Amino acid sequence: MKVEFAPLNIPLRRRLQTAAVVQWVFSFLALAQFCLAAFVLLCVSDWWILAALYAGWLYLDRDTPTSGGRRSHWVRSWTVWRYFRDYFPISLVKTVDLDPSHNYLFGFHPHGVLVAGGFGNFCTEASGFSKLFPGLTPYLLMLPFWFRVPFFREYIMCGGLVSSEKASASYLLSQPGGGNAAVVAVGGAPESLEARPGALTLQVLQRKGFIKLALKHGAWLVPVFSFGENELFDQMQNPIGSTLRQVQERLQRIIGVALPLFHARGVFQYNFGLLPYRKPIHTIVGRPIPVVQNPSPTKEDIEALHALYIQGLTELFEENKDKYGIGEDKHLTFT
């Protein structure tokens with residue numbers, strides 16, 4: 001295979017964009033392991049007292065990831081996130097104003113491999129969320145596992161990431177006065193195993209827990225579709241029933257984290273590596289679906305609202321697909 005190397009005369013601006021994405025991929029794939037190793041080394045060093053004090057802090061602070069986290073406007077506004085945004089680039093598109101007197105549950109689709117659009121738009125201010133939606137505070141829900149990793153948990157909470165446990169979402173959606181937007185990647189980790197260029201299959205039909213939460217707390221539902229999310233990486237073929245897919249699904253059930261075998265480009269060449277392709281991401285925030293609070297929703301209530309949500313998501317995709325290079329004959333498939 002002929003390797004296509006990056007030219008030497010690349011502008012500094014593009015090199016900084018690549019560096020920003022390198023640190024993001026590292027943070028996503030390896031920073032937690034480094035943080036855990038650092039904590040273990042601290043425990044067995046002469047500075048073990050610091051590890052003991054931090055362990056005590058972890059215990060006292062154990063509920064923070066399910067109680068709104070501990071965001072930092074300074075971290076969310078780092079210059080590195082603007083370079084990260086411009087690498088793809090990422091854009092956030094508002095279709096209608098959202099009244100900050102309500103709490104909202106954003107359903108983010110598709111999950112993609114690393115949820116780049118979700119992170120860029122809702123965990124940083126690079127795409128201008130606060131200016132587009134004044135009065136709203138976004139929280140991206142993440143697997144609880146990651147909030148048990150020492151040091152790493154502090155970093156991800158700074159961006160507005162919180163645990164995806166039901167108690168965490170309930171806390172956000174039950175706050176009086178409104179102003180919270182809980183963002184959940186509805187397809188979850190299993191959907192990442194389907195993330196490859198051209199994929200339009202969403203795991204939604206059996207995902208109704210977020211609908212029940214919205215009903216119980218009267219949170220308005222907002223479908224969000226991120227065009228380009230699946231175009232960032234290639235993935236090894238893993239059709240349902242294949243040995244690879246069975247191993248991936250088994251690991252996902254055991255450890256709670258999906259392990260897609262993805263690849264794209266490298267830092268100094270364009271043929272292989274773990275950096276995403278430079279493909280644009282357009283995240284469209286759709287029209288809200290009003291929800292009347294129902295503390296004890298029936299199965300029929302959930303099914304009815306779920307059908308309305310799928311209809312709203314479908315309309316959002318169909319109304320915008322031609323703007324972002326998707327053919328008229330292409331449609332979403334729900335599983």
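From a predicted model like this one, the values you see are computed outputs, not experimental measurements.
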> If we ignore angles and hydrogens, is there a donor and acceptor under 3.5 Å between the side chains of Gln23 and Tyr83?
Replying inline: no
> Does the pair Asp61/Arg70 count as a salt bridge with the N-to-O cut at 4.0 Å?
Replying inline: yes
> Are side-chain N/O atoms of Glu229 and His109 paired as donor and acceptor at under 3.5 Å?
Replying inline: no
> Are Ile10 and Thr18 side-chain neighbours, meaning at least one heavy-atom pair lies under 4.5 Å?
Replying inline: no
> Between Phe34 and Phe26, is the ring centre distance below 6.0 Å?
Replying inline: yes
> Does the side chain of Leu141 come within less than 4.5 Å of Phe210's, by heavy atoms?
Replying inline: no
>> By the definition ring pair (Phe, Tyr, Trp, His ring centres under 6.0 Å), identify the one residue from Phe84, Trp81, Trp78 that meets it with Trp24.
In response: Phe84
> Between Arg287 and Glu319, is any pair of side-chain heavy atoms under 4.5 Å apart?
Replying inline: yes
> Side chain of Gln203, backbone of Gln206: donor and acceptor closer than 3.5 Å?
Replying inline: no
> Would one find more than 12 heavy atoms of other residues, nucleotides or ligands at under 6.0 Å from atom CZ of Phe268?
Replying inline: no
> With a cut-off of 6.0 Å (strictly less than), are more than 12 heavy atoms of other residues, nucleotides or ligands near NZ of Lys94?
Replying inline: yes
>> Given 3.5 Å as the limit, does a donor-acceptor pair link the side chain of Thr95 with the main chain of Val285, or not?
In response: yes
>> Donor-acceptor check, side chain of Glu249 to backbone of Ile240, threshold 3.5 angstrom: yes or no?
In response: no
>> Taking Glu4's backbone N and O only, do any of them form a donor-acceptor pair with Asn271's side chain (distance below 3.5 Å, no angle check)?
In response: yes
> Nearest heavy-atom pair of Gly68 and Leu172: which atoms, and what distance?
Replying inline: CA-CD2, 3.9 Å
>> Quick check on the hydrophobic clustering: are Val96 and Leu136 connected, directly or via other members, by side-chain heavy-atom contacts under 4.5 Å?
In response: yes
> Between Tyr324 and Phe227, which heavy-atom pair has the shortest distance, and what is it?
Replying inline: CD1-CD1, 3.7 Å
> Do Phe106 and Asn121 have side-chain heavy atoms sitting under 4.5 Å apart?
Replying inline: no
>> Salt bridge check, Glu194 against Arg245: does any charged N sit closer than 4.0 Å to a carboxylate O?
In response: yes
>> Please find the pair of heavy atoms, one from Ser127 and one from Leu132, that lie closest to each other, and give the distance.
In response: O-CD1, 4.1 Å
>> I'd like to know if Lys208 and Glu303 make a salt bridge, using a cut-off of under 4.0 Å between side-chain N and carboxylate O.
In response: yes
>> Is there a path of hydrophobic side-chain contacts, each under 4.5 Å between heavy atoms, that joins Leu58 and Val162?
In response: no
> Can you name the closest pair of heavy atoms from Leu313 and Val224 and give their distance?
Replying inline: CD1-O, 4.5 Å
> With distance as the sole criterion, is a donor-acceptor pair present between the side chains of Gln252 and Gln248 under 3.5 Å?
Replying inline: no
> Heavy atoms, side chains only, cut-off 4.5 Å: are Ile156 and Phe147 in contact?
Replying inline: yes
> Stepwise, does the ring pair (Phe, Tyr, Trp, His ring centres under 6.0 Å) test hold for Phe28 with Phe119?
Replying inline: CA-CA 11 Å; Phe28 211 107; Phe119 178 86; 7.8 Å; no
>> A side-chain contact here means heavy atoms from C-beta on lying under 4.5 Å apart; do Leu221 and Ile211 qualify?
In response: yes
> Looking only at heavy atoms, which two atoms of Trp48 and Cys43 are closest? And how far apart?
Replying inline: CB-O, 3.3 Å
> If we ignore angles and hydrogens, is there a donor and acceptor under 3.5 Å between the side chains of Asp301 and Thr298?
Replying inline: yes
>> Testing the basics here: between Asp86 and Arg278, what is the closest heavy-atom pair and its distance to 0.1 Å?
In response: O-NH1, 4.3 Å
>> Do Val184 and Ser164 have side chains that approach each other closer than 4.5 Å (heavy atoms only, starting at C-beta)?
In response: no
> Taking atom types as modelled, is there a side-chain donor on Thr66 or Ser168 under 3.5 Å from an acceptor on the other?
Replying inline: no
> If we only count heavy atoms from C-beta on, is the Ile326 to Phe317 side-chain gap below 4.5 Å?
Replying inline: yes
> Hey, any chance Val113 and Trp146 share a hydrophobic cluster, counting ILVMFWY side chains that come within less than 4.5 Å of each other, even indirectly?
Replying inline: yes
